[in-house]
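The basis for the numbers below is simple: all heavy atoms, side chains too, and nothing from hydrogens, waters or symmetry mates. The sequence lines fix the lettering, A, B, ..., with proteins before strands; numbering per chain opens at 1. Everything numeric here is computed off the predicted structure, so don't read it as measured data.
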Amino acid sequence: MAKFEISPNFQISRRKFLTAASLGASGIMLSGCDAFDSQLSIGSGLRGFLENANGLTYRAQRLLAGRDALAPEFTEADIRQPQRPNGVTAPDDDTYKGLLANNFADWRLEVSGLVEKPLSLSREQLQNMPSRTQITRHDCVEGWSCIAKWTGTPLSLVLDQAVVKPQARYVMFHCLDTIDRSLSGDIKYYGTIDLIDARHPQTILAYGLNGKPLPVENGAPLRVRVERQLGYKMPKYLYKIELVDSFANVGGGRGGYWEDNGYDWYGGI
Amino acid sequence: MESVARSQSATGPDAPVSSDSTLIYRQSRWTRLTHWIWAISLFFMLLSGLQIFNARPQLYIGKQSGFGYNNTIFEIGAVNTDAGPRGYTEIFGHRFDTTGVLGWSGPPGNETARGFPSWATIPSYYDLGTARVIHFFFAWILTTTLLVWLVASLVNGHIRRDLAPRLDDLRRLPRDIVDHAKLKFHHTREYNTLQKMAYGGVLFVLLPLMIITGLAMSPSMNSVLPFLNELLGGRQTARTIHFTVMLLLVGFFIIHILMILAAGPINELRSIITGWYRTDPPAHDDKTTERSA
């Protein structure tokens with residue numbers, strides 16, 4: 001490493017720098033951490049810059065995990081409690097209440113958008129398709145985890161039946177529960193995943209939980225399981241699947257209800 | 001790297017008043033650069049991490065959180081009492097009243113139920129999504145910097161020369177502890193035994209453990225490295241370790257600052273900003289200033 005001479009001037013400037021730096025640092029401390037608050041709202045330049053890291057994480061984890069690496073599965077002995085519900089647990093929407101009153105006999109799953117053959121599947125049709133049962137851990141973005149057994153139809157089978165058009169990039173899930181109310185009306189939960197996760201072997205449309213029909217609080221009659229992502233990527237009270245090439249024009253344009261409220265679109269971390 | 005010793009008359013408030021103390025080049029540019037990047041990253045990671053923790057201010061042992069059974073070992077919460085709402089912190093079943101700081105805090109008359117108080121989190125208001133954006137951004141910076149430091153320090157000999165413990169260090173340890181307890185500091189080219197243990201512990205144990213437990217909490221990474229959670233005792237244990245390592249790093253930071261203040265802040269800060277460090281005047285058998293590697 002190169003030597004360098006320190007002139008008296010240079011040394012003084014360092015000391016000045018030091019003083020300035022410590023004054024600056026203590027200024028930040030004194031003004032409190034709300035100094036950063038105003039820079040962090042959705043759409044601000046700084047936040048957009050920081051959010052780049054999430055794109056990096058997405059690419060890095062996709063590279064490492066590939067398309068088919070499986071999330072860990074557990075044993076019956078690991079099921080020690082009911083699956084903890086989160087978000088909306090008792091939808092009070094009229095449509096949903098009507099369907100529930102009839103035990104979902106009139107419920108249909110619509111598959112539309114960029115598909116060759118739009119579908120409208122009854123619960124029976126869906127349950128007559130090949131199923132997958134898996135004991136997996138649900139990780140909530142808040143930090144808690146819960147292990148449960150999920151049974152459902154692999155999403156890839158439904159996509160195959162509908163024949164996805166080549167320009168489709170995302171699967172959008174439309175739900176029956178009102179998660180929020182705004183001035184412009186009710187906001188129903190919605191979310192998106194890419195086709196890699198949509199076709200992952202453990203991605204299922206679940207209608208069974210711990211050997212019983214899926215309870216209302218956990219998303220009856222149908223919810224999504226995307227086992228390599230966090231809980232907010234697994235919508236409940238599903239009624240429509242739409243294949244899209246972009247989610248820019250839906251909601252806040254960030255790909256989901258929670259994403260519109262600041263969560264990252266990629267929930268693999 | 002060579003250590004450049006040059007004589008210089010003592011100046012500055014904390015310099016030993018001696019005409020034959022010397023300035024030596026002690027910290028390479030890699031050490032200085034990575035040190036400050038870590039300082040900034042860890043500041044943001046800590047404060048955004050406390051915000052993330054506030055979303056679920058509990059720690060558990062095992063693969064999952066106990067709702068139908070009890071595996072909670074740490075909890076921050078708020079309860080209503082006859083004397084109004086109180087904040088509490090519970091550790092292994094022992095409950096402490098922490099009103100005003102943990103569990104229940106805020107400006108007088110405007111308190112709210114919060115795990116960590118507003119002044120200790122980024123953002124100051126409750127916002128899990130934003131805290132995660134900040135946390136993961138700096139996680140990349142911190143990890144990249146650690147890798148850069150590791151390569152640079154292997155190449156320039158910093159690890160071998162300054163951090164690797166030697167047999168001598170063990171022999172010097174008791175003396176070192178006594179000296180530190182008496183706040184008697186030796187300013188030499190080399191780190192003393194406690195410094196080697198502290199810096200080595202942070203760089204080779206705490207930071208890697210932080211990264212590993214962080215990865216173990218990612219559901220996507222669990223599909224790549226399923227053994228990680230098994231090794232650590234389950235995802236919730238990994239989260240608990242992640243939090244515990246944070247406490248240890250905060251403890252290191254406090255001692256680090258106290259040691260700098262006690263050992264002469266100007267001299268210590270100069271060495272981590274410019275690289276140049278003022279050593280003690282050569283004593284009877286002090287050969288450190290002549291050392292060159």
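Interface check for chain B: of the options E259(A), Q81(A), H138(A), R84(A), the most heavy-atom pairs under 4.5 Å are formed by Q81(A).
Judged by distance alone, the side chain of E142(A) and the main-chain N or O of I52(B) form no donor-acceptor pair under 3.5 Å. Looking at D37(A), its side chain does come within 3.5 Å of a backbone N or O of S124(B) through a donor-acceptor pair. Not a single donor-acceptor pair under 3.5 Å links the side chain of Q64(B) to the backbone N or O of C146(A).
Within the 4.5 angstrom heavy-atom criterion, atoms from both the backbone and the side chain of E51(A) approach chain B. In this structure, chain A has no heavy atom under 4.5 Å from any part of F227(B). Using a 4.5 Å cut-off between heavy atoms, Q202(A) makes no contact with chain B at all. Residue contact with chain B, scored on non-hydrogen atoms closer than 4.5 Å, is absent for D197(A). The contact between R137(A) and chain B is made entirely by side chain atoms (from C-beta outward), counting heavy-atom distances below 4.5 Å. With a 4.5 Å cut-off on non-hydrogen atoms, F49(A) touches chain B through its backbone and its side chain both. When heavy atoms are compared at a cutoff of 4.5 Å, Y125(B) approaches chain A by way of both its backbone and its side chain.
Between L47(B) and F36(A), the closest side-chain pair of non-hydrogen atoms is not below 4.5 Å. Side-chain contact between P219(B) and D139(A): present, with at least one pair of heavy atoms (C-beta onward) separated by less than 4.5 Å. By the 4.5 Å heavy-atom criterion applied to side chains, Q61(A) and S218(B) are counted as neighbours.
For the atom pair F136(B) CZ and I269(A) CD1, the distance stands at 4.0 Å (nearest 0.5 Å). Here the straight-line distance linking atom CZ of F137(B) with atom CG of L56(A) works out to 10.0 Å at 0.5 Å rounding. Rounding to the nearest 0.5 Å gives a distance of 8.0 Å between CG of D127(B) and OH of Y263(A). The line from CH2 of W258(A) to CG of L128(B) is 8.5 Å long, rounded to the nearest 0.5 Å.
Looking at every heavy atom in both residues, S145(A) comes nearest to K63(B) through CB-O, 3.9 Å. Scanning both residues, L50(A) and I134(B), for their nearest heavy atoms gives CD1-CG1, 4.0 Å.
R132(B) and N54(A) are not linked by any side-chain donor-acceptor pair at a separation below 3.5 angstrom, with hydrogens and angles left out of the test. Checked by atom type, the side-chain pair R228(A)/S220(B) shows no donor-acceptor distance below 3.5 Å.
The six-membered or imidazole ring of W144(A) lies near that of F67(B), with a centre-to-centre distance under 6.0 Å.
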